[in-house]
Amino acid sequence: MGNELTVAVLGPGGVGGLLAALLSRAGHRVICLAGEKTADALRTDGIRVRSDRFGDFTAPVEADTLLREPVDVCLIAVKHTTLDAALARVPASALSDGLLVPFLNGVEHPAALRARYRADRVAPAVIRVESTRVAPGVIEHGSPFAEIDLSGTGVPRARLDALAETFNAAGPATRVLEDETAALWAKMSFLAPMALLTTRHGVPLGEVRTRHRDELTALVEETAAISRACGGPADPAQALARYDAFPPQMKSSMQRDAEAGRPLELDAIGGALLRAADHHGVPAPVTARVVSELAAGPGGPE
(Lines give C-alpha, C1' and ligand atoms only; values in the text may rest on other atoms or scores of the structure.)
Protein backbone atom coordinates (compact mmCIF):
# COMPACT_ATOMS: atom_id res chain seq x y z
CA MET A 1 0.00 0.00 0.00
CA GLY A 2 2.91 2.30 0.75
CA ASN A 3 0.93 5.28 1.96
CA GLU A 4 0.56 6.14 5.58
CA LEU A 5 -2.87 5.54 7.07
CA THR A 6 -4.55 7.36 9.90
CA VAL A 7 -5.96 4.70 12.21
CA ALA A 8 -8.15 5.24 15.27
CA VAL A 9 -8.16 2.50 17.91
CA LEU A 10 -11.15 2.39 20.24
CA GLY A 11 -10.08 0.43 23.31
CA PRO A 12 -6.27 0.20 23.44
CA GLY A 13 -6.28 -2.94 25.63
CA GLY A 14 -4.75 -6.34 24.92
CA VAL A 15 -5.80 -6.52 21.28
CA GLY A 16 -6.25 -2.83 20.48
CA GLY A 17 -3.01 -1.81 22.19
CA LEU A 18 -1.01 -4.48 20.36
CA LEU A 19 -2.41 -3.47 16.97
CA ALA A 20 -1.98 0.25 17.73
CA ALA A 21 1.68 -0.26 18.63
CA LEU A 22 2.43 -2.47 15.61
CA LEU A 23 0.76 -0.03 13.20
CA SER A 24 2.58 2.94 14.75
CA ARG A 25 5.90 1.12 14.49
CA ALA A 26 5.14 0.46 10.80
CA GLY A 27 4.84 4.21 10.21
CA HIS A 28 1.10 4.85 10.39
CA ARG A 29 -0.54 7.63 12.38
CA VAL A 30 -2.41 6.06 15.29
CA ILE A 31 -4.98 7.81 17.49
CA CYS A 32 -6.06 5.79 20.54
CA LEU A 33 -9.51 6.58 21.93
CA ALA A 34 -9.91 5.95 25.65
CA GLY A 35 -10.82 7.53 28.98
CA GLU A 36 -8.97 10.62 30.16
CA LYS A 37 -6.46 8.83 32.40
CA THR A 38 -5.53 6.16 29.84
CA ALA A 39 -5.31 8.79 27.06
CA ASP A 40 -2.91 10.88 29.19
CA ALA A 41 -0.70 7.86 29.89
CA LEU A 42 -0.59 6.87 26.21
CA ARG A 43 0.22 10.41 25.05
CA THR A 44 3.07 10.62 27.54
CA ASP A 45 4.60 7.14 27.40
CA GLY A 46 3.33 5.58 24.18
CA ILE A 47 2.53 1.86 24.13
CA ARG A 48 5.08 -0.64 25.40
CA VAL A 49 4.86 -4.14 23.97
CA ARG A 50 6.51 -7.27 25.29
CA SER A 51 6.32 -10.01 22.67
CA ASP A 52 8.42 -13.01 21.68
CA ARG A 53 6.90 -12.79 18.21
CA PHE A 54 7.24 -9.05 17.51
CA GLY A 55 9.98 -8.11 19.97
CA ASP A 56 9.96 -5.72 22.92
CA PHE A 57 9.41 -2.14 21.80
CA THR A 58 7.70 1.16 22.60
CA ALA A 59 5.65 2.97 19.97
CA PRO A 60 4.38 6.57 20.14
CA VAL A 61 0.65 7.15 19.66
CA GLU A 62 -1.73 10.08 19.80
CA ALA A 63 -4.62 9.73 22.22
CA ASP A 64 -7.97 11.40 22.78
CA THR A 65 -11.28 10.76 24.48
CA LEU A 66 -13.22 11.42 21.26
CA LEU A 67 -12.68 11.00 17.52
CA ARG A 68 -12.56 14.55 16.19
CA GLU A 69 -11.47 14.05 12.55
CA PRO A 70 -11.95 11.57 9.73
CA VAL A 71 -9.68 8.51 9.74
CA ASP A 72 -9.00 5.82 7.16
CA VAL A 73 -9.81 3.04 9.60
CA CYS A 74 -11.25 2.77 13.09
CA LEU A 75 -10.49 -0.46 14.94
CA ILE A 76 -12.98 -1.36 17.66
CA ALA A 77 -11.29 -3.47 20.32
CA VAL A 78 -13.45 -2.97 23.40
CA LYS A 79 -15.37 -5.71 25.16
CA HIS A 80 -19.03 -6.23 24.30
CA THR A 81 -19.91 -5.27 27.85
CA THR A 82 -18.67 -1.70 27.23
CA LEU A 83 -19.47 -1.37 23.50
CA ASP A 84 -22.45 0.99 23.71
CA ALA A 85 -20.72 3.43 26.04
CA ALA A 86 -17.48 3.27 24.05
CA LEU A 87 -19.16 4.03 20.71
CA ALA A 88 -19.99 7.49 22.03
CA ARG A 89 -16.27 8.20 21.42
CA VAL A 90 -16.77 7.57 17.67
CA PRO A 91 -19.44 9.91 16.26
CA ALA A 92 -20.62 8.66 12.84
CA SER A 93 -20.13 12.19 11.46
CA ALA A 94 -16.44 12.17 12.40
CA LEU A 95 -15.82 8.70 11.00
CA SER A 96 -17.15 9.72 7.59
CA ASP A 97 -15.86 7.31 4.90
CA GLY A 98 -13.53 5.40 7.25
CA LEU A 99 -13.69 1.64 7.57
CA LEU A 100 -15.04 0.45 10.91
CA VAL A 101 -13.32 -2.79 11.91
CA PRO A 102 -14.75 -4.47 15.02
CA PHE A 103 -12.56 -7.11 16.71
CA LEU A 104 -15.40 -8.28 18.91
CA ASN A 105 -16.34 -11.73 20.08
CA GLY A 106 -19.75 -13.02 19.07
CA VAL A 107 -21.85 -12.72 15.93
CA GLU A 108 -24.50 -10.10 16.62
CA HIS A 109 -22.46 -6.87 16.63
CA PRO A 110 -22.13 -6.24 12.84
CA ALA A 111 -25.88 -5.62 12.51
CA ALA A 112 -25.83 -3.22 15.48
CA LEU A 113 -22.88 -1.30 14.02
CA ARG A 114 -24.44 -1.14 10.54
CA ALA A 115 -27.53 0.45 12.06
CA ARG A 116 -25.35 3.21 13.49
CA TYR A 117 -22.61 3.76 10.85
CA ARG A 118 -22.30 3.42 7.08
CA ALA A 119 -23.34 -0.20 6.48
CA ASP A 120 -20.90 -0.65 3.59
CA ARG A 121 -17.95 0.46 5.72
CA VAL A 122 -18.39 -2.06 8.57
CA ALA A 123 -15.72 -4.76 8.14
CA PRO A 124 -15.88 -7.34 10.94
CA ALA A 125 -12.56 -8.98 11.81
CA VAL A 126 -11.58 -11.87 14.02
CA ILE A 127 -8.18 -12.12 15.62
CA ARG A 128 -6.48 -15.19 17.04
CA VAL A 129 -4.08 -13.96 19.69
CA GLU A 130 -3.43 -14.04 23.41
CA SER A 131 -2.57 -10.51 24.41
CA THR A 132 -3.12 -8.79 27.75
CA ARG A 133 -3.00 -5.19 28.94
CA VAL A 134 -1.09 -5.35 32.22
CA ALA A 135 -1.25 -1.57 32.79
CA PRO A 136 -2.35 1.42 30.67
CA GLY A 137 -0.13 1.34 27.59
CA VAL A 138 1.67 -1.87 28.61
CA ILE A 139 0.83 -4.93 26.54
CA GLU A 140 2.03 -8.51 26.97
CA HIS A 141 1.61 -10.58 23.83
CA GLY A 142 1.83 -14.17 25.05
CA SER A 143 0.92 -16.31 22.03
CA PRO A 144 3.45 -17.21 19.33
CA PHE A 145 0.85 -16.11 16.78
CA ALA A 146 -1.36 -13.17 15.85
CA GLU A 147 -3.67 -13.89 12.93
CA ILE A 148 -6.48 -11.77 11.53
CA ASP A 149 -9.40 -12.72 9.30
CA LEU A 150 -11.00 -9.69 7.70
CA SER A 151 -14.43 -9.72 6.06
CA GLY A 152 -17.21 -7.30 5.25
CA THR A 153 -20.42 -7.89 3.36
CA GLY A 154 -20.83 -4.97 0.94
CA VAL A 155 -17.47 -3.37 1.75
CA PRO A 156 -15.44 -2.62 -1.40
CA ARG A 157 -12.97 -5.50 -1.81
CA ALA A 158 -10.12 -3.10 -2.65
CA ARG A 159 -10.52 -1.46 0.78
CA LEU A 160 -10.34 -4.84 2.54
CA ASP A 161 -7.31 -5.96 0.51
CA ALA A 162 -5.47 -2.72 1.22
CA LEU A 163 -6.12 -3.00 4.95
CA ALA A 164 -5.03 -6.65 4.96
CA GLU A 165 -1.80 -5.59 3.27
CA THR A 166 -1.27 -2.91 5.93
CA PHE A 167 -1.78 -5.43 8.76
CA ASN A 168 0.49 -8.00 7.11
CA ALA A 169 3.27 -5.45 6.72
CA ALA A 170 2.89 -4.40 10.37
CA GLY A 171 3.03 -7.97 11.73
CA PRO A 172 -0.21 -9.92 12.11
CA ALA A 173 -0.80 -12.50 9.36
CA THR A 174 -4.02 -11.29 7.72
CA ARG A 175 -6.32 -12.71 5.07
CA VAL A 176 -9.57 -11.44 3.57
CA LEU A 177 -12.47 -13.90 3.70
CA GLU A 178 -15.39 -13.64 1.27
CA ASP A 179 -18.01 -14.94 3.66
CA GLU A 180 -18.53 -12.75 6.72
CA THR A 181 -20.96 -15.18 8.37
CA ALA A 182 -18.51 -18.06 8.00
CA ALA A 183 -15.64 -15.94 9.37
CA LEU A 184 -17.59 -14.90 12.48
CA TRP A 185 -18.98 -18.37 13.16
CA ALA A 186 -15.58 -20.01 12.69
CA LYS A 187 -14.30 -17.85 15.55
CA MET A 188 -17.47 -18.24 17.63
CA SER A 189 -17.61 -22.03 17.38
CA PHE A 190 -13.96 -22.26 18.39
CA LEU A 191 -13.99 -19.59 21.11
CA ALA A 192 -17.29 -20.34 22.86
CA PRO A 193 -16.59 -23.84 24.22
CA MET A 194 -13.15 -22.80 25.49
CA ALA A 195 -14.35 -19.51 27.01
CA LEU A 196 -17.39 -21.06 28.67
CA LEU A 197 -15.59 -24.05 30.18
CA THR A 198 -12.32 -22.42 31.30
CA THR A 199 -14.47 -19.80 33.05
CA ARG A 200 -17.04 -22.26 34.42
CA HIS A 201 -14.37 -24.49 35.99
CA GLY A 202 -11.79 -21.79 36.74
CA VAL A 203 -8.96 -23.79 35.16
CA PRO A 204 -6.72 -23.34 32.10
CA LEU A 205 -7.38 -25.08 28.79
CA GLY A 206 -5.08 -28.03 29.56
CA GLU A 207 -7.28 -29.11 32.46
CA VAL A 208 -10.52 -28.53 30.55
CA ARG A 209 -9.40 -30.79 27.72
CA THR A 210 -8.34 -33.59 30.10
CA ARG A 211 -10.57 -33.48 33.21
CA HIS A 212 -13.65 -32.10 31.44
CA ARG A 213 -13.19 -33.66 28.00
CA ASP A 214 -16.72 -35.11 27.67
CA GLU A 215 -18.27 -31.76 28.45
CA LEU A 216 -15.89 -30.01 26.05
CA THR A 217 -16.70 -32.51 23.28
CA ALA A 218 -20.45 -32.06 23.83
CA LEU A 219 -20.14 -28.26 23.73
CA VAL A 220 -18.00 -28.37 20.59
CA GLU A 221 -20.57 -30.59 18.86
CA GLU A 222 -23.51 -28.39 19.87
CA THR A 223 -21.68 -25.24 18.78
CA ALA A 224 -20.79 -26.82 15.43
CA ALA A 225 -24.44 -27.74 14.84
CA ILE A 226 -25.54 -24.16 15.63
CA SER A 227 -22.82 -22.76 13.36
CA ARG A 228 -23.91 -25.04 10.51
CA ALA A 229 -27.52 -23.93 10.90
CA CYS A 230 -26.41 -20.28 10.69
CA GLY A 231 -24.40 -20.85 7.51
CA GLY A 232 -21.04 -21.17 9.21
CA PRO A 233 -18.45 -23.94 9.21
CA ALA A 234 -18.84 -27.07 11.33
CA ASP A 235 -15.82 -29.23 12.05
CA PRO A 236 -15.92 -30.44 15.65
CA ALA A 237 -12.94 -32.78 15.22
CA GLN A 238 -10.78 -29.92 13.93
CA ALA A 239 -11.79 -27.69 16.86
CA LEU A 240 -10.80 -30.41 19.36
CA ALA A 241 -7.50 -30.99 17.55
CA ARG A 242 -6.75 -27.26 17.79
CA TYR A 243 -7.50 -27.19 21.52
CA ASP A 244 -5.18 -30.16 21.96
CA ALA A 245 -2.37 -28.32 20.17
CA PHE A 246 -2.53 -25.22 22.40
CA PRO A 247 -0.23 -24.75 25.41
CA PRO A 248 -1.96 -26.28 28.46
CA GLN A 249 -1.68 -23.08 30.52
CA MET A 250 -3.72 -21.06 27.98
CA LYS A 251 -6.65 -19.12 29.44
CA SER A 252 -9.59 -17.49 27.71
CA SER A 253 -10.23 -13.76 27.93
CA MET A 254 -13.58 -14.49 29.59
CA GLN A 255 -11.74 -16.44 32.28
CA ARG A 256 -9.29 -13.55 32.77
CA ASP A 257 -12.28 -11.21 33.15
CA ALA A 258 -13.79 -13.53 35.77
CA GLU A 259 -10.51 -13.69 37.71
CA ALA A 260 -10.23 -9.90 37.68
CA GLY A 261 -13.85 -9.41 38.75
CA ARG A 262 -14.78 -7.72 35.46
CA PRO A 263 -18.17 -8.22 33.77
CA LEU A 264 -18.24 -11.30 31.54
CA GLU A 265 -19.07 -11.32 27.82
CA LEU A 266 -21.51 -14.09 28.65
CA ASP A 267 -24.40 -12.63 26.66
CA ALA A 268 -22.30 -11.91 23.56
CA ILE A 269 -20.90 -15.45 23.53
CA GLY A 270 -23.21 -17.83 25.41
CA GLY A 271 -26.37 -15.77 25.00
CA ALA A 272 -25.84 -15.28 21.26
CA LEU A 273 -25.19 -18.99 20.86
CA LEU A 274 -28.44 -19.89 22.60
CA ARG A 275 -30.43 -17.28 20.64
CA ALA A 276 -29.08 -18.70 17.37
CA ALA A 277 -29.86 -22.27 18.52
CA ASP A 278 -33.37 -21.24 19.46
CA HIS A 279 -33.91 -19.41 16.17
CA HIS A 280 -32.87 -22.45 14.12
CA GLY A 281 -34.37 -25.11 16.40
CA VAL A 282 -31.01 -26.68 17.26
CA PRO A 283 -30.93 -28.46 20.63
CA ALA A 284 -28.16 -27.15 22.89
CA PRO A 285 -28.72 -28.58 26.39
CA VAL A 286 -25.07 -28.55 27.51
CA THR A 287 -24.59 -24.96 26.33
CA ALA A 288 -27.79 -23.90 28.11
CA ARG A 289 -26.69 -25.55 31.36
CA VAL A 290 -23.17 -24.09 31.32
CA VAL A 291 -24.43 -20.60 30.45
CA SER A 292 -27.00 -20.68 33.25
CA GLU A 293 -24.37 -21.91 35.74
CA LEU A 294 -22.06 -19.06 34.70
CA ALA A 295 -24.91 -16.55 34.95
CA ALA A 296 -25.40 -17.72 38.54
CA GLY A 297 -21.73 -16.93 39.25
CA PRO A 298 -18.47 -18.30 37.85
CA GLY A 299 -16.90 -21.42 39.33
CA GLY A 300 -13.23 -21.63 40.11
CA PRO A 301 -10.96 -21.42 43.12
CA GLU A 302 -12.76 -20.15 46.22
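Computed from a predicted structure; not experimentally measured. For the single chain, residues carry numbers from 1 onward in sequence order.
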* More than 12 foreign heavy atoms under 6.0 Å from NE2 of H280: is that the case here? -> yes
- Just checking, any donor-acceptor pair under 3.5 angstrom between side chains of E180 and T153? yes
### Query
Quick one: do L264 and V208 end up in the same hydrophobic cluster if we chain Ile, Leu, Val, Met, Phe, Trp and Tyr together by side-chain heavy atoms under 4.5 Å apart?
yes
I'd like to know if the side chain of S96 and the backbone of G98 have a donor-acceptor N/O pair within less than 3.5 Å. no
> Going by heavy atoms in the side chains, are L274 and I226 under 4.5 Å from each other?
Replying inline: no
Can you confirm whether E69 is buried at CD, in the sense that more than 12 heavy atoms of other residues, nucleotides or ligands lie under 6.0 Å from that atom? yes
Open item on the list: Atom CZ of residue position R48 - does it have more than 12 heavy atoms of other residues, nucleotides or ligands inside 6.0 Å?
Closed with: no
Measure up the F167 and F103 rings against each other and bin them: parallel (under 30°), tilted (30 to 60°), perpendicular (over 60°).
-> perpendicular
query = Does M250 reach the side chain of M194, with side-chain heavy atoms less than 4.5 Å apart?
reply = yes
| query | Is the side chain of D56 donor-acceptor paired with the backbone N or O of R50 at a distance under 3.5 Å, no angle test? | reply | no
Under 3.5 Å donor-acceptor, K251 side chain and T198 backbone
no
Item checked: Check: T82 side chain, K79 main-chain N or O, donor-acceptor pair, under 3.5 Å -> yes
Any side-chain heavy atom of R114 within less than 4.5 Å of one from P110? yes
Do the numbers put R128 on top of the ring of F145, so that NZ or CZ is under 6.0 Å from the six-membered ring centre and no more than 45° off the axis?
no
Open item on the list: Please check: side-chain N/O of S51 versus main-chain N/O of V49, any donor-acceptor pairing under 3.5 Å?
Closed with: no
- Is there a donor-acceptor contact under 3.5 Å linking the side chains of T287 and E222? yes
Tightest non-hydrogen contact, residues Y243 and S189, listed as OH-O, 4.0 Å
Original post:
So is R242 actually on top of F190's ring, under 6.0 Å and inside 45° of the axis?
Top reply: yes
_Tell me whether D149 is salt-bridged to R175, with the criterion being a basic N under 4.0 Å from an acidic carboxylate O._
yes
**Request:** Inspect the surroundings of CG in D214 and state if more than 12 heavy atoms from other residues, nucleotides or ligands are less than 6.0 Å away.
**Result:** no
- Any side-chain heavy atom of L273 sitting closer than 4.5 Å to one from M188? yes
May I ask whether L23 and V176 are part of the same hydrophobic cluster, defined by side-chain heavy atoms of I, L, V, M, F, W, Y residues being less than 4.5 angstrom apart, directly or through others?
yes
Hydrogens and angles aside, do E215 and H201 bring a side-chain donor and acceptor to less than 3.5 Å of each other?
yes
